[in-house]
Amino acid sequence: MTAWTPGEKNLIAAAACAAPSVHNTKPWALELHDEGCAELYERLDRSLPRHDPLGRDRLISCGAALEHVLLALRVLGWVPGTSLFPDPTRPDLVARVTADRRAEASDEDVALHAAIAHRRSHRTPFGTAPVDPGTRARLLAANRTAGVGLRVITGPGEAAALAGVLTHSALVLRADHAYQRELSAWTAPVRDPLPGGGVSSATGRTATLPWAGLVRRATAVPDPAALAGRLGAELLVLVETPDDGPHDHVRAGMAAESVWLAATAAGLFGSLLTQPFQLSESRAGLTEALSLGGFPQLLLRFGHGHHHEERSR
Ligand SMILES: Cc1cc2nc3c(=O)[nH]c(=O)nc-3n(C[C@H](O)[C@H](O)[C@H](O)COP(=O)(O)O)c2cc1C
């Protein structure tokens, strides 16, 4: 056990702050204690009653932040020990992480940590080249969180099933005024909102599913056959868990973020979607159509950028 140096504190806090979160709400608080222990709390005040009534996305977001904290610790030469929900009297304490002992960071951890600064939600079409099987295998292997399944959507039948679910959710949520009011309240009219400052409106008006990522009042929803064609050209990874409780949600966020960072490190672009799964019939429909053994938590989509995007990295 040891005190953090100010430099270590900065690096750990910056890593947590850069994690993706539902509607960019950053629903966590990180405490770094001098005895070499970090505590990540869920911020229940950052709630989205319409989008996320059960707080599932809030905990997935906390899981992503936790993954960043663990990565920062490894890069600083620590072996972190993690316990999820360690204190029954503090249910908002999501994780306690201790810096147990010293070990040199692996090259993979250094590369994933470096990717934190480059990861962004990509809500426009991908370039046409498919993700090659070797890269795909590397992304899936980046997940080190036990108890999480990564299910690649494969073939026209599965793309069509997913397109049907996305279309249904899009039409329902587009017409839900209270849902749209909440989304507007968390939308900032700038290209890169500050951490915790809501999502950008930049692609909101013109983009169509699935590129938009978030369906708004003005989003044009393509017909399911056109959507299935577009989905078939992307690498789509469904993150599923054996159960649907708080531990599952945090773990889903940890797994998703390690895959997303691996994709970023490989030069790919990606985004994370939960919006379509906020409707119980969509979750049930997807579970049935894909014969899932667990609970679908989120969808990751990956692809190449266009030439100008790849050059600007
Ligand atoms: C649990 C969770 C759910 C999300 N759901 C969606 C979604 O449905 N559609 C979308 O476009 N982005 C979604 N995002 C991405 C966030 O909007 C994004 O991470 C946040 O605005 C910060 O932007 P950045 O990812 O570019 O850093 C989600 C992120 C998380 C962690």
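Starting from 1, each residue takes its place in the sequence as its number. Counting convention: from 1, in listed order, for ligands and their atoms alike. Remember, it's a predicted structure, so these values are computed and weren't measured experimentally.
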- Task: Using non-hydrogen atoms of the residue, decide whether Ser61 is closer than 4.0 angstrom to ligand 1.
- Result: yes
- Task: Quick one: sort the His122 and Phe269 rings into parallel, tilted or perpendicular, breaks at 30° and 60°.
- Result: tilted
- Query: Is any side-chain N of the basic residue among Arg144 and Asp109 closer than 4.0 Å to the acidic one's carboxylate O?
  - Reply: yes
- Using a strict 4.0 Å cut-off to heavy atoms of Val199, name the atoms of ligand 1 that fall inside it. 17 (O), 21 (O)
- Tell me which one of Gly197, Ser21, Pro20 gets a heavy atom nearest to atom 16 (C) of ligand 1. Ser21
- Message: Closer than 4.0 angstrom, basic N to acidic O: yes or no for Arg151 and Glu158?
- Response: yes
- Message: Checking the N or O distance criterion of under 3.5 Å, is ligand 1 in contact with Gln275?
- Response: yes
- Message: Need the ligand 1 atom indices (1-based, order shown) with element for anything under 4.0 Å from a heavy-atom of Leu214.
- Response: 7 (C), 8 (O), 9 (N), 10 (C), 11 (O)
- Report the part of Leu273 in contact with ligand 1, treating N, CA, C, O as backbone and CB onward as side chain, heavy atoms under 4.0 Å; options are side chain, backbone, both, neither. both
- What orientation do Trp78 and Trp4 show, parallel under 30°, tilted 30 to 60°, or perpendicular over 60°? perpendicular
- Item | Nearest-option assignment for atom 5 (N) of ligand 1, heavy atoms, candidates Leu173, Thr274, Leu59 | Thr274
- Query: What's the shortest heavy-atom distance between Val94 and Val250, and which atoms?
  - Reply: CG1-CG2, 3.7 Å
- Query: Any side-chain donor-acceptor pair under 3.5 Å between Thr187 and Arg216?
  - Reply: yes
- Does Arg119 reach ligand 1 with a nitrogen or oxygen that is under 3.5 Å from one of the ligand's nitrogen or oxygen atoms? yes
- ligand 1 to Gly213 polar contact by distance, N or O atoms, under 3.5 Å: yes
- Message: I'd like to check whether Arg123 has a polar contact with ligand 1, where a contact means an N/O of the residue lying under 3.5 Å from an N/O of the ligand.
- Response: yes
- Candidate list Leu150, Val239, Leu272, test side chain to side chain contact (heavy atoms under 4.5 Å, CB included), partner Val259, passing option: Leu150
- Item | Protein contact to atom 28 (C) of ligand 1 [nearest heavy atom, distance to 0.1 Å] | Leu272 O, 3.7 Å
- Do the charged groups of Asp176 and Arg174 touch, with an N to O distance under 4.0 Å? no
- Message: What protein heavy atom lies closest to atom 26 (O) of ligand 1? Include the residue and the distance to one decimal.
- Response: Ser121 N, 2.8 Å
- Item | Pair Asp132-Arg138, salt bridge (charged side-chain N to carboxylate O under 4.0 Å, His left out): steps then yes or no | CA-CA 10 Å; Asp132 67 87; Arg138 278 212 308 284; 5.9 Å; no
- State the atoms of ligand 1, each with its element, that fall below the 4.0 Å cut-off from a heavy-atom position in Ile60. 1 (C)
